[in-house]
Amino acid sequence: MGILKFKSHLSKLPSLLFRNNNLHTSKTFLKFNLLSANYCSGNPLQLQDNEHFTLPKFLDVHLSNASQTLKLHPTWLRDHCRCPDCYNAVTYQRKNDILKLNEHSTISAHSQSDGLLHVLWSDGHKSIYSIPWLISNTYEGRCRTQEEEARRLITWDGSMGNLPSLEPILYHNAMHDDNTLSEIYRRVIQYGFVQIEQVPSTEIDTKMIIERVCRMSRTVFGKFWETGTNFDHMDTGYLNGYLEGHTDNTYFTEAQGFLVFHCTHFNGKGGESFLVDGFHVAKQLKQLDPIAYDYLSKANITAEYIEPGEHFSSGGAILRHDPVSHQLEQIRFNMLDRAPLTSVPQSEVGTFYRHLRTLAMLVRQKENEYWFRLSPGTVMVIDNWRLLHGRNSYEGKRVLRGCYYSRSDFMSKARHYGIIL
Ligand SMILES: C[N+](C)(C)CCCC[C@H](N)C(=O)O
Ligand SMILES: O=C(O)CCC(=O)C(=O)O
């Protein structure tokens with residue numbers, strides 16, 4: 001009877017919940033001892049249980065290789081019940097009451113079969129869980145996944161020697177084929193950039209491909225911007241001098257996640273572009289000077305952008321890490337947009353400049369720079385949290401058009417295409 005009722009819950013759950021993700025069910029993953037592994041910060045047993053300082057009774061879920069168990073806290077389990085009373089599968093939102101969770105978290109009975117866990121609670125409520133879903137939605141499982149995702153990133157130096165030669169992505173395919181769109185996302189996530197070729201160099205076509213990939217984000221520079229024809233904004237990007245490798249928007253509380261460039265007109269000298277893989281440089285720094293790496297992961301540095309009517313200012317570490325997985329998430333590097341250094345006491349500034357110099361030296365290394373020319377017809381999408389971009393000074397006419405994508409918007413689509421979790 002109980003089981004039948006469970007089944008009816010199951011059929012209403014979104015199929016996503018039961019997606020059989022290879023990553024989570026693979027033998028290697030299940031072999032992993034979920035509790036003893038210390039690949040994330042802290043110890044979940046100590047961190048998460050402060051209820052009356054008693055050790056809660058964990059429920060042991062036996063994983064398919066039998067010798068491993070996943071220990072789940074009853075409150076977590078009750079909070080993650082996906083039955084229609086606890087979860088609205090249409091809006092993908094919870095319905096349960098956080099203040100009642102604790103009193104509802106006593107398990108009366110449980111059983112496990114066919115990849116499902118059945119739980120009967122002391123208040124009579126019944127829950128059913130898919131075990132792969134449980135694994136992938138715990139702290140332990142998620143940290144593991146983030147590590148896997150980080151391992152899948154391919155970092156590179158200026159020679160690009162370690163990158164496979166990839167089929168060019170053509171405008172026509174990108175516009176009409178969803179698989180090509182998903183490939184664009186895969187490349188941006190994996191390598192930090194993608195080039196789309198044979199884009200007609202009109203403003204309207206540039207906008208079409210931009211919007212096909214993701215929605216444009218409006219910033220102080222507007223939604224769709226153009227440089228080389230106007231001095232709308234007081235920024236070196238609008239002038240024609242050399243620009244050293246940098247990331248944009250270090251002065252926003254959240255820098256725009258991605259940049260799009262399309263050079264639609266060039267008639268002059270110079271103006272070649274380059275990219276540096278900030279995650280590669282970060283790896284080099286960690287090896288060369290782990291103390292500098294650690295320092296730049298913690299020290300706060302403020303950046304600013306000022307023009308008539310505006311004054312943006314925001315601080316943060318140069319090497320920003322995910323607070324849970326501790327994976328490097330963003331490099332904020334723009335030496336021009338640094339604000340007065342008010343975040344470091346004078347007694348420490350010597351150390352600060354020394355570490356910053358070490359990083360800047362690596363950023364400037366010629367071997368790390370990948371040089372190319374942005375030319376009419378090629379649209380480039382660049383990860384602004386990972387890659388640094390720059391260009392040579394130029395003379396003549398050079399029209400660069402483009403936009404930003406917010407991190408949230410682009411990552412939402414990447415998740416939709418199954419590129420990230
Ligand atoms: C890209 N676009 C020309 C619109 C703006 C350039 C802004 C560059 C600025 N220094 C920054 O780092 O954010
Ligand atoms: O002109 C370019 O190629 C790049 C401009 C730039 O770096 C910027 O606007 O942030």
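Quick note: numbers below take in every heavy atom, side chains included, and nothing from hydrogens, waters or symmetry partners. Ligands are counted one by one from 1 in listed order, and the atoms in each one are counted from 1 as well. The structure displayed is predicted, hence computed values, not measured ones.
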Over 60° means perpendicular and under 30° means parallel, so tell me whether Tyr251 and Phe312 are parallel, tilted or perpendicular.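 Judged by the thresholds at 30° and 60°, the geometry between Tyr251 and Phe312 is tilted.
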Please tell me whether [X] and [Y] form a close aromatic pair, meaning their ring centres lie under 6.0 Å apart.
X: Tyr305; Y: Phe252; value: no
X: Phe261; Y: His389; value: yes
X: Phe410; Y: Phe258; value: yes

Between the side chains of Glu211 and Arg215, is the shortest nitrogen-to-carboxylate-oxygen separation below 4.0 Å, so that they form an ion pair?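 Looking at Glu211 together with Arg215, the answer is no, because their closest N to O distance does not fall below 4.0 Å.
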Under the ring pair (Phe, Tyr, Trp, His ring centres under 6.0 Å) rule, collect the residues that match up with Phe372, sequence neighbours excluded.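 Listed in chain order: Tyr370.
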Expected list for residues 164-179: side-chain donor-acceptor pairs under 3.5 angstrom, two or more places apart:
{"from": "Tyr171", "atom 1": "OH", "to": "Asp205", "atom 2": "OD1", "distance (Å)": "3.0"}
{"from": "Asp177", "atom 1": "OD1", "to": "Asn179", "atom 2": "N", "distance (Å)": "3.1"}
{"from": "Asp177", "atom 1": "OD2", "to": "Thr180", "atom 2": "N", "distance (Å)": "3.4"}
{"from": "Asp177", "atom 1": "OD2", "to": "Thr180", "atom 2": "OG1", "distance (Å)": "2.7"}
{"from": "Asp178", "atom 1": "OD1", "to": "Arg212", "atom 2": "NH2", "distance (Å)": "3.0"}

Give one line per pair: atom of ligand 1, protein atom, distance. Only N/O to N/O under 3.5 Å.
{"from": "ligand 1", "atom 1": "10 (N)", "to": "Asp235", "atom 2": "OD1", "distance (Å)": "2.8"}
{"from": "ligand 1", "atom 1": "10 (N)", "to": "Asp235", "atom 2": "OD2", "distance (Å)": "3.3"}
{"from": "ligand 1", "atom 1": "10 (N)", "to": "Asp337", "atom 2": "OD2", "distance (Å)": "2.8"}
{"from": "ligand 1", "atom 1": "12 (O)", "to": "Asp248", "atom 2": "OD1", "distance (Å)": "3.2"}
{"from": "ligand 1", "atom 1": "12 (O)", "to": "Asn334", "atom 2": "ND2", "distance (Å)": "2.8"}
{"from": "ligand 1", "atom 1": "12 (O)", "to": "Asp337", "atom 2": "OD2", "distance (Å)": "3.1"}
{"from": "ligand 1", "atom 1": "13 (O)", "to": "Asn249", "atom 2": "N", "distance (Å)": "2.8"}
{"from": "ligand 1", "atom 1": "13 (O)", "to": "Tyr251", "atom 2": "OH", "distance (Å)": "2.5"}

One pair per line, please: each N/O atom of ligand 2 matched with every protein N/O atom under 3.5 Å away, atom names first, then the distance to 0.1 Å.
{"from": "ligand 2", "atom 1": "1 (O)", "to": "Arg391", "atom 2": "NH1", "distance (Å)": "2.8"}
{"from": "ligand 2", "atom 1": "1 (O)", "to": "Arg398", "atom 2": "NH1", "distance (Å)": "2.9"}
{"from": "ligand 2", "atom 1": "3 (O)", "to": "Arg398", "atom 2": "NH2", "distance (Å)": "2.7"}
{"from": "ligand 2", "atom 1": "7 (O)", "to": "His246", "atom 2": "NE2", "distance (Å)": "3.3"}
{"from": "ligand 2", "atom 1": "7 (O)", "to": "His389", "atom 2": "NE2", "distance (Å)": "3.1"}
{"from": "ligand 2", "atom 1": "10 (O)", "to": "His246", "atom 2": "NE2", "distance (Å)": "3.1"}
{"from": "ligand 2", "atom 1": "10 (O)", "to": "Asp248", "atom 2": "OD1", "distance (Å)": "3.1"}
{"from": "ligand 2", "atom 1": "10 (O)", "to": "Asp248", "atom 2": "OD2", "distance (Å)": "3.3"}
{"from": "ligand 2", "atom 1": "10 (O)", "to": "His389", "atom 2": "NE2", "distance (Å)": "3.1"}

Kindly say whether Ala339 contributes a backbone atom to a donor-acceptor pair with the side chain of Thr302 at under 3.5 angstrom?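 No, because the side chain of Thr302 does not come within donor-acceptor range (under 3.5 Å) of the backbone of Ala339.
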When you measure from the centre of the six-membered ring of Tyr87, is the NZ or CZ of Arg94 under 6.0 Å away and within 45° of the axis?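 No.
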